[in-house]
Amino acid sequence: MSARTVNQKAWWLVLPVVVLVGFNAIVPLMTVVNYSVQETFGNNKFFFEGVKWFEMVIHSARFHDALKRQLLFTAIVLAIEVPLGVAVALAMPRRGVWASVCLVLMSMPLLIPWNVVGAIWNIFALPDIGMLGWTLNRAGIDYNFTRQPVAAWATLIAMDVWHWTSLVALLAYAGLSAIPDAYYQAAKIDGASAWAVFRHVQLPKMKHVLTIAVLLRFMDSFMIYTEPFVLTGGGPGNATTLLSIDLVKIALGQFDLGPAGAMSLIYFLIILLLSWMFYRVMTLGEAE
Amino acid sequence: MTLALKNVVRRAGGQTHIHETSIALESRGFNVLLGTTLAGKTTLMQLMAGLVPPSSGEIGFDGRNVTGVPVQKRNVAMVFQQFINYPNLSVYENIASPLRVARLRDATVAERVARIAELLQLTPFLERRPAELSGGQQQRTALARALVKDADLVLLDEPLANLDYKLREGLREELPRLFADRSSTVVYATTEPAEALLLGGHTATVHEGRITQYGPNGTVYRHPVDLTTAQVFSDPPINTAEVVKRGDTIRLSERVSWTAAGSLRALPDGAYTIGLRPHHVLPATGRGGVQVDCTVLIAEISGSESVVHFDLGGLTWVSLSPGVHTFKVGETARFELDVASCLYFGPDGARVAA
Amino acid sequence: MARIRIEHLRHSYVPRPAREADWALKEVDLEWADGGAYALLGPSGCGKTTLLNIVSGLLRPTAGRIFFGDADVTASPPGERNIAQVFQFPVVYDTMTVYDNLAFPLRNRGVPEARVDPRVREIAALLDLAAMLPQRAAGLTADGKQKISLGRGLVRSDVNVIMFDEPLTVIDPHLKWRLRSKLKELHQRIGITMIYVTHDQTEAMTFADQVVVMHEGTVVQVGTPVELFERPRHTFVGHFIGSPGMNILPCRLENGVARFAGVAIPTANATTKTPNGARTEIGVRPEFVRFASAGIPVRVAAVSDAGRHQIVETRHGDTVIRLLLDERDQVPTVAAHVSFDTAFTRLYVDGWLAG
């Protein structure tokens, strides 16, 4: 008897998006699921294999190695980028001309196409003609990222920090800008040290933006492909073969669609699980 | 236009924001929703406007059921506490915006905007942006935009709360005049009893999601149906105390009692709660009323009035008297209670006689 | 404990002030005795918050000096001035409990824990916060948070002055009343100098022993609430203080006697000389206007019920004259006369009290 107050017509506007997303994401995803449970020997003939590939992947030492490398990479990168980003945000001026200048400078690394980032660092770190490589070797450090696993890792991490710390810094800066002056004034009057101000005023108020920053960095670094691929190609050997690189090798290099499909799905589920855990931990204690 | 709510309930997030409420609002004069923050005033206004649907119940405009009608079709105007204007439009365009949505001719728009701007003293500011205006002028712009629409229902949600004291006074005087010759139903939400009284019209006291009373201001103020209404509609807060009636005597404490007069005599013996507003408790002048000797706790003088908090047998009561009366904290002073103005409430809070 | 003296204070937010309008504070000279309750009262933009921030040290003045006792503190930061400030929006450290919030200023100054505990409990009891000490500060209501802000100031034993910057803005009216009385009670008990900034004249007048009325960067009048109410030195003070404000009637001076509408109005003050073309006005508060059988003829335009009294708006031509009636009095139906209490009727020349 009572008519609906809510107007449903808006859903029609969403339809084009739904179609596009469906076409570009759901359909390929379903194709992958399809491959992951089948076996093919070519000629477009497929045989249903059930969970065979999943079992294979889960028990494969190669997969475990790649996963371990990936987790290590993500952990290191987060541990460096989040505190560094916050520190940079704290140092950035909040008012005046320099504020705009700093914002532009901080945005620049984020605007470079990812494969170009890889290429820049590749040349930069070359031991004989790259500025970094040559300087290090001249300084007495035996550095060659194409041959030494440790050097490769160090370079990879340095590249990621250079590329993505800005994101954390900009998000933290936005969070800091939202804190009203009265909090700083009260803290000054209370005689709080700079560290106490950070701990009790700035950090709590930045909680929301930091949650977003950490989640974004986690997901992106876990899925990273272009930059390490261009930098090291996964080498030397498989020292820097992260999960995604390994996946592509299996799928396109060896054309093992079945295992690749299974690995993709497992990869997807791992990211989903870890992201959910992160999110729960960070929003714990927020009574709404 | 008569606005009626029939058995309206609003639940959200597992909580009942508005308990079953039925009310019919007058179309002339102000209808004030008076209550503390979170009492439900804003929710009621959102229900009336159609911004939120009721969980059950009906809303009627002039007898027509409009419960499912979206807000765009209801011919409603609303003014908020924060000065809400389109920041990138000039004052002229802000005021004209509802008329442009209705696709009126430019000439008509210009004429109506000019008339409203004149009424609200905005004519010199028509080309400016809201950000360049003072708080009072921004709120006038918002009001102008609400008025130009000639809506059936105008909702004002604490529009003066963010303004300076004196600006608030000035605008409050103007508001009834602005709406005087219109046929719109006006609903005004506020937390201040003084404002409800000064605006005139009818008042609905809102408390914890319920409307406790609705009627002409004078009636709700002087003849509240229960203790909650009396407390909501008092500033400073009403003084309360427990009394016992035995026979013809009403006793507050060992030394304070008075004779039950008139209709009070018919009340059954027992315990009651009395409410006496602070301006009926005055420094003793021998004029009459029940005399009490008490210790002064806090004394405040505001130039035109004196406010004294004193200890009445363990209770803290407040006296509000015109003029300047100086008291020293800790001294014993004599006050007289105008018990003829006492409101009596039964154990359930409902008012009994007098 | 200290006396506060402000000398020739001027302040501008613009780096190179050129016009008069660039100065937020135009010339302020004030002296506040130790232990008093003071209010800075004025409309938005009058400079009261600027003045408060200069006294607390959060702002360095462009010119002028400020003394605490005999010491020139103009250049000292807030930490060295021994002041506490309560802001408009409640400032609490969300991550800490109420107890830790109150203990924070003491711990920052290195006070031993053994002394912190009794002090925190003492102040919490004073503010009715004792039951909430173990709770997280973020969960309290607005007035609870303001009490915490106040408590952080009271907890320090070295505080000379507590400043309040419109602290009741976000509080509900019926709680506002209680918190206001609480502040007054606190002042009566503790006796520290308190400076209260507000645009609400009721708050200022009930709290302060002395009120400083400001308008557009200058101090218009300093006085007790009674003085400001009965003897405003400027029509602005008359208008701003009192609800409703003072009635201002334009008048003509003939041989030193003010005349309005052809009727001679006796005033409490008088002046013999007025500059040519000066604006002369009579100011009288509604509290001192009465209906009478003779006087200024008026018609009753509107009656407002304010609960404890009625506000009657009468008009003579374009001039509005307001008066107050007891709630039970009858209002004359249309035409009547009003007369003023001479002792409280004053003459103003160009806005200022004459004579």
Side-chain angles (χ1 to χ4, degrees), chain A residues 82-83 86-87 89-90 93-101 171-214 278-288, chain C residues 15 49 52-53 55-59 76-97 100-111 135-139 145-146 148-156 158-163 165-167 169-170:
Chain A
V82 175
V86 171
L90 286 171
R94 243 158 278 149
R95 273 179 273 261
V97 180
W98 283 108
S100 319
V101 173
L171 284 172
Y173 182 78
L176 280 174
S177 309
I179 303 177
D181 272 340
Y183 280 87
Y184 293 109
Q185 291 170 338
K188 231 193 271 187
I189 289 171
D190 282 340
S193 63
W195 167 248
V197 170
F198 175 69
R199 215 185 119 202
H200 295 293
V201 176
Q202 291 171 316
L203 204 53
K205 298 252 167 235
M206 283 202 295
K207 223 172 98 152
H208 286 280
V209 285
L210 278 185
T211 309
I212 296 173
V214 169
F278 249 113
Y279 180 72
R280 292 290 295 179
V281 168
M282 294 207 76
T283 56
L284 203 62
E286 259 187 52
E288 247 272 82
Chain C
T49 302
L52 192 79
N53 285 339
V55 174
S56 65
L58 291 167
L59 203 57
S76 314
E80 285 172 31
R81 294 195 197 194
N82 297 331
I83 52 111
Q85 190 158 336
V86 179
F87 297 88
Q88 204 169 349
F89 300 103
V91 173
V92 291
Y93 302 107
D94 294 327
T95 48
M96 302 198 259
T97 59
D100 288 328
N101 260 276
L102 292 174
F104 191 63
L106 293 175
R107 289 183 180 147
N108 282 332
R109 285 170 169 80
V111 175
Q135 281 180 30
R136 279 198 41 176
K145 288 186 183 174
Q146 282 296 50
I148 296 179
S149 294
L150 179 57
R152 283 207 311 273
L154 291 171
V155 103
R156 291 157 46 198
D158 61 344
V159 167
N160 285 330
V161 186
I162 304 185
M163 325 245 241
D165 190 359
E166 305 196 40
T169 309
V170 295

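Treat the numbers as computed from the prediction; the structure is a model and nothing was measured. A, B, ... follow the sequence lines: proteins, then strands. Residue 1 opens every chain. The figures that follow rest on heavy atoms only: side chains count, while hydrogens, waters and symmetry mates do not.
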Please give me the minimum heavy-atom distance between Tyr183(A) and Pro90(C), naming the atom from each residue.
OH-O, 3.7 Å
Need one label for Pro105(C): side chain, backbone, both or neither, based on atoms under 4.5 Å from any heavy atom in chain A.
both
Who passes side-chain contact (heavy atoms from CB on, under 4.5 Å) against Ala103(C), sequence neighbours left out?
Tyr99(C), Arg107(C), Val116(C), Val120(C)
Whether Asp190(A) side chain and Asn108(C) backbone form a donor-acceptor pair below 3.5 Å:
no
Using non-hydrogen atoms and a 4.5 Å limit, figure out which bit of Val92(C) sits close to chain A: side chain, backbone, both or neither.
backbone
Can you say whether Phe89(C) sits under 4.5 Å from chain A via the side chain, the backbone, both, or neither, judging by heavy atoms?
neither
Please report the closest heavy-atom contact between Ala182(A) and Val91(C), naming both atoms and the distance.
CB-CG2, 3.9 Å
Heavy-atom pair of closest approach, residues Ala186(A) and Arg152(C):
CB-NH2, 3.9 Å
Between Arg109(C) and Ile189(A), the two heavy atoms sitting closest are NH2-O, 3.5 Å
With a 3.5 Å cut-off and sequence neighbours excluded, list the donor-acceptor pairs that the side chains of residues 193-206 of chain A form with protein atoms.
{"unit_1": "Ser193(A)", "atom_1": "OG", "unit_2": "Ala196(A)", "atom_2": "N", "d": "3.3"}
{"unit_1": "Gln202(A)", "atom_1": "NE2", "unit_2": "Tyr184(A)", "atom_2": "OH", "d": "3.2"}
{"unit_1": "Lys205(A)", "atom_1": "NZ", "unit_2": "Asp94(C)", "atom_2": "OD2", "d": "3.2"}

